[in-house]
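Below: one structure, written as structure tokens.
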Amino acid sequence: MMLFKRGRLLAFLCSQVIVVALFVHMSGHRHLFQREESRRPVHVLVLSSWRSGSSFVGQLFGQHPDVFYLMEPAWHVWMTFTTSTAWKLHMAVRDLLRSVFLCDMSVFDSYMNPGPRKQSSLFQWEQSRALCSSPVCDFFPADQISSPKRCKPLCSQLPFDVVEKACRSHNHVVLKEVRFLSLQALYPLLTDPSLNLHIVHLVRDPRAVFRSREHTTAELMIDSHIVLGQNLKMIKEEDQPYYAMKIICKSHVDIVKAIQTLPEVLQRHYLLLRYEDLVRAPLAQTSRLYKFVGLDFLPHLQTWVHNVTRGKGMGQHAFHTNARDALNVSQAWRWSLPYTKVSQLQDDCGEAMDLLGYLQVRSQEEQGNLSLDLLSSSPILGQVFQEG
Ligand SMILES: *[C@@H]1O[C@H](CO)[C@@H](O)[C@H](O)[C@H]1NC(C)=O
Ligand SMILES: *[C@@H]1O[C@H](CO)[C@@H](O)[C@H](O)[C@H]1NC(C)=O
Ligand SMILES: *[C@@H]1O[C@H](CO)[C@@H](O)[C@H](O)[C@H]1NC(C)=O
């Protein structure tokens, strides 16, 4: 009897020890999970359109030592199907982005020639600091500002698999893409449990975009045809630039509106940025971007942003111009576009302009009067600003 009792006591004690041990074990795990949670990879999509400053915004992220950055990976999809339409290619683009976010670069197999590849097979690879610095390319240290021009001749011969390795060794993966014209295709990525997607939606005054596109018509030809899709043959050539802008403006409206219908927890993964606000306050807006995705605004990056936006150092490469010029360039449509064009564009893009806070001009005089500030705060921006 006594023996039995002692046995039961022993069993009881043993079970307590096991419970305590399990608890310690689990709390250890919980601690581990928490650590993993805070170091959970962050995936950032810079979603924009052509000629809207997205290369510069991409650089703002790509120069950060915690970031693996690629510019326009979906270029490979579009250039493989040049006679297709943006709409038909949405899903292929989405699935490519998902794979790249997860550092699975085999997804490029469908869009590149077979046989051995170099990292230089990747479109605009030299724009990525991660592919231009140690440990990928030992000519340059990882924690310094990277120069595409200096990187290109020295780092291009590395084998393609360094891309995957570089991606895996960074906590933040940032992709910049202009080839998305709706949020619908992206929605599954926002809710995908293996991703932690943050969207930076970059917009610019359509009148400035239009002027810039006029100067790059040849470069944008293939893209424009894919954007116009089936409508291409039905639209007179002189109307095509307006029609393309109409589609682009509508896509911004659709995206902004679609975001507003999402649950609040997903809305917090979206940030709307106007290029003009970035030009006017580069340090403050960069700080806002970094905060949104959980990056520290390191001292050398602050100096760099200050430098490039003041036309010192590498300004020519990143901004293509210095900040005063950028402000000037962002107004250039006001003296270089005739009012008839501006007026037609305002008709095609009116809803987007109202939504994003770009004030319309009603005459040639208003258009030319530079003391009229055409940037307003808009209700939608106020709301999104608070959430960012
Ligand atoms: C910023 O500009 C100064 C002066 O031109 C230069 O010495 C410095 O290296 C630059 N820093 C960065 C991070 O670009
Ligand atoms: C802005 O650019 C125009 C045309 O390129 C030029 O005439 C003008 O002087 C510039 N203004 C400033 C303030 O730089
Ligand atoms: C330009 O706009 C400002 C501000 O509305 C106005 O005071 C000024 O009279 C305008 N100038 C001309 C030449 O119309």
Side-chain angles (χ1 to χ4, degrees), residues 48-54 56-57 201-217 238-239 241-246 248-253 255-257 260 271-289 305-306 308-311 315 319-388:
S48 191
S49 182
W50 295 263
R51 318 303 302 166
S52 297
S54 62
F56 178 63
V57 172
H201 184 197
L202 175 69
V203 297
R204 186 182 178 194
D205 189 327
R207 295 162 296 198
V209 173
F210 182 88
R211 177 184 175 273
S212 184
R213 287 175 64 94
E214 277 195 331
H215 290 258
T216 45
T217 310
E238 65 262 34
D239 291 336
Y242 297 98
Y243 202 83
M245 283 306 298
K246 193 172 177 168
I248 290 167
C249 284
K250 184 176 178 307
S251 81
H252 290 315
V253 172
I255 290 169
V256 169
K257 284 188 171 170
Q260 289 176 308
L271 180 144
L272 180 62
L273 174 66
R274 290 188 301 196
Y275 178 67
E276 293 76 9
D277 292 320
L278 179 63
V279 168
R280 290 182 185 195
L283 285 166
Q285 292 295 332
T286 306
S287 171
R288 177 172 162 245
L289 287 175
V305 171
H306 185 266
V308 291
T309 55
R310 293 287 171 273
F319 239 162
H320 294 292
T321 172
N322 66 41
R324 197 191 306 159
D325 281 352
L327 273 173
N328 196 11
V329 167
S330 73
Q331 298 277 340
W333 65 270
R334 295 184 73 170
W335 57 81
S336 59
L337 282 185
Y339 176 68
T340 48
K341 285 188 176 182
V342 169
S343 172
Q344 185 177 344
L345 196 60
Q346 291 182 155
D347 287 344
D348 289 333
C349 285
E351 190 184 2
M353 291 177 65
D354 292 347
L355 192 64
L356 301 169
Y358 297 114
L359 301 177
Q360 303 193 17
V361 290
R362 289 285 158 236
S363 65
Q364 184 79 54
E365 289 69 44
E366 272 189 23
Q367 182 182 328
N369 184 349
L370 295 182
S371 30
L372 285 177
D373 187 358
L374 299 180
L375 202 60
S376 82
S377 58
S378 77
I380 165 79
L381 267 158
Q383 189 184 328
V384 174
F385 257 102
Q386 270 165 19
E387 282 159 9

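All ligand and atom numbering here is 1-based and tracks the order in the structure.
By the 4.5 Å heavy-atom criterion applied to side chains, L372 and R334 are counted as neighbours. By the 4.5 Å heavy-atom criterion applied to side chains, D354 and Q360 are counted as neighbours. Between L375 and Y358 the shortest side-chain heavy-atom distance falls below 4.5 Å.
The protein heavy-atom contact nearest to atom 3 (C) of ligand 3 is N369 ND2, 3.6 Å. Of all protein heavy atoms, the one closest to atom 5 (O) of ligand 3 is L372 CD2, 3.3 Å.
Protein heavy atoms are found inside the 4.0 Å sphere centred on atom 14 (O) of ligand 3. Protein heavy atoms are absent from the space less than 4.0 angstrom from atom 7 (O) of ligand 3.
Checking side-chain atoms of E276 against main-chain N and O of S330 turns up no donor-acceptor pair under 3.5 Å.
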